[in-house]
Amino acid sequence: MTKPTPTLTPAYRDLHRLMSLMTGDEKHGPAATSTLDALWVLYDRVLRVTPETVDAPDRDRFLLSKGHGPMAYYAVLAAHGFFGEELLAGFGSYDSPLGHHPDRLLVPGAEIGSGSLGHGLPLAVGTALGLRAQGLTGPRVWVLTGDAELDEGSNHEAIAYAGPAGLDQLHTVVIDNASASYGRPGGIADRFATAGWSVASADGRDHEALYDAFTAPHPGQPRAVVARVAAKT
């Protein structure tokens, strides 16, 4: 594994250049670009994790459930020094650690292997419960899902459990690009609110709106932020 390369202060304007280094088939480009702004705000301003603290017990945990489009995730990790940008050009190749789905054993900073739909939110619930059981109340757990991914039944079980359990260390970001096959009465935010979550909706391209939604207090409740983006992915 290539060691992290020292970088200058990361900048959002670098992300499109970094993403352009990843070529080849099966890029799921729109699925990646729909997550770009939410990922940037999280890693740049919200998450308490760095390349030096990826194994620290008190770090924040970020789980990319929407793992079938990891290009933006890899670009953001590279921009923040989790690995050298020279790895990006090998994206998806046989001997590259950067696969079409992230592998937690190969990608520095990745908490889970993901890409199969519906697993990230249940894993995040389990992570929050594990932290609670260890008495680790400081670390926060973040998971990013897609709106279509919420069609999977395992997500509804996780949503229904986390609210009454009061998992206030748990945060879910839903990228809503109107790609779900099934409608939800009242919309996505209402689905979470009905289950006892603190909820907010924000423009998925507006960094200040995302930051405000991500950082609003929600004592005693898990938090869900629905980030609306225009493109269908």
Side-chain angles (χ1 to χ4, degrees), residues 7-20 22 27-50 60-82 109 114 120-121 124 140-150 155 159 168-180 183-184 186-194 197-219 221-233:
T7 60
L8 300 175
T9 301
Y12 178 78
R13 63 179 177 273
D14 293 331
L15 295 183
H16 292 285
R17 177 185 64 82
L18 293 173
M19 289 184 69
S20 74
M22 291 177 271
K27 293 187 296 183
H28 288 284
T33 55
S34 68
T35 69
L36 187 63
D37 297 274
L39 286 169
W40 176 258
V41 174
L42 283 171
Y43 273 91
D44 197 54
R45 302 174 63 182
V46 178
L47 290 173
R48 296 174 297 199
V49 63
T50 67
D60 285 348
R61 276 75 167 169
F62 173 78
L63 283 60
L64 180 70
S65 190
K66 192 176 169 69
H68 60 286
M71 291 176 63
Y73 183 48
Y74 293 156
V76 170
L77 288 176
H80 285 84
F82 285 84
S114 61
L121 184 51
R140 300 165 300 180
V141 181
W142 291 80
V143 57
L144 186 147
T145 75
D147 60 327
E149 189 176 359
L150 293 184
N155 284 307
I159 293 168
D168 54 7
Q169 289 173 264
L170 176 63
H171 306 73
T172 298
V173 182
V174 182
I175 302 298
D176 179 13
N177 43 40
S179 62
R184 297 173 183 83
I188 295 172
D190 191 62
R191 172 68 185 91
F192 283 89
T194 300
W197 291 58
S198 167
V199 299
S201 296
D203 182 337
R205 303 298 187 193
D206 185 329
H207 291 193
E208 293 304 319
L210 288 169
Y211 177 77
D212 289 344
F214 292 163
T215 57
H218 50 95
Q221 293 179 290
R223 178 72 164 169
V225 176
V226 180
R228 303 179 306 272
V229 295
K232 292 185 178 182
T233 64

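The shown structure was predicted, so the numbers you read here are calculated from the model rather than taken from an experiment.
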- prompt: Are the side chains of Val226 and Val199 in touch, meaning some heavy atoms are under 4.5 Å apart?
  reply: no
statement: CG (Asp203) and CD (Glu208) are apart, to the nearest 0.5 Å, by 12.0 Å
- prompt: What distance do Leu170 atom CG and Arg61 atom CZ have between them, rounded to the nearest 0.5 Å?
  reply: 13.0 Å
- prompt: How would you list, by chain and number, every residue that makes a salt bridge (charged side-chain N to carboxylate O under 4.0 Å, His left out) with Asp60, sequence neighbours excluded?
  reply: Arg48, Arg140
message: I need the Lys66 NZ to Thr35 OG1 distance, nearest 0.5 Å.
response: 7.0 Å
- request: Would you mind reporting whether Arg45 and Phe214 have side-chain heavy atoms less than 4.5 Å apart?
  value: no
- prompt: Checking Ser198 side chain against Gln221 main chain: does a donor-acceptor pair fall under 3.5 Å?
  reply: no
message: Side chains of Trp197 and Thr172, heavy atoms from C-beta outward: is any pair under 4.5 Å?
response: yes
- request: For the residue pair Ser65 and Leu121, establish whether any side-chain heavy-atom pair is separated by less than 4.5 Å.
  value: no
- prompt: Can you tell me how far the CG atom of Leu150 sits from the CZ atom of Phe192, to the nearest 0.5 Å?
  reply: 5.0 Å
- request: Decide yes or no on side-chain contact (heavy atoms from CB on, under 4.5 Å) for Leu36 and His16, but give the supporting numbers first.
  value: CA-CA 9 Å; Leu36 187 63; His16 292 285; 3.8 Å; yes
- request: Just jot down the ring pair (Phe, Tyr, Trp, His ring centres under 6.0 Å) partners of Phe62, sequence neighbours excluded, or say none.
  value: Tyr43, Tyr73
field: Heavy-atom side-chain contact between Asp168 and His218 under 4.5 Å
entry: yes
message: Please tell me whether His207 and Asp37 have a donor and an acceptor in their side chains that are separated by less than 3.5 angstrom.
response: yes
- request: Please tell me if the side chains of Met19 and Thr33 come closer than 4.5 Å, counting only heavy atoms from C-beta onward.
  value: yes
message: Working to the nearest 0.5 angstrom, can you tell me the gap between Trp40 CH2 and His80 NE2?
response: 4.0 Å
message: To the closest 0.5 Å, what do you measure between CE (Met71) and CG (Leu39)?
response: 13.0 Å
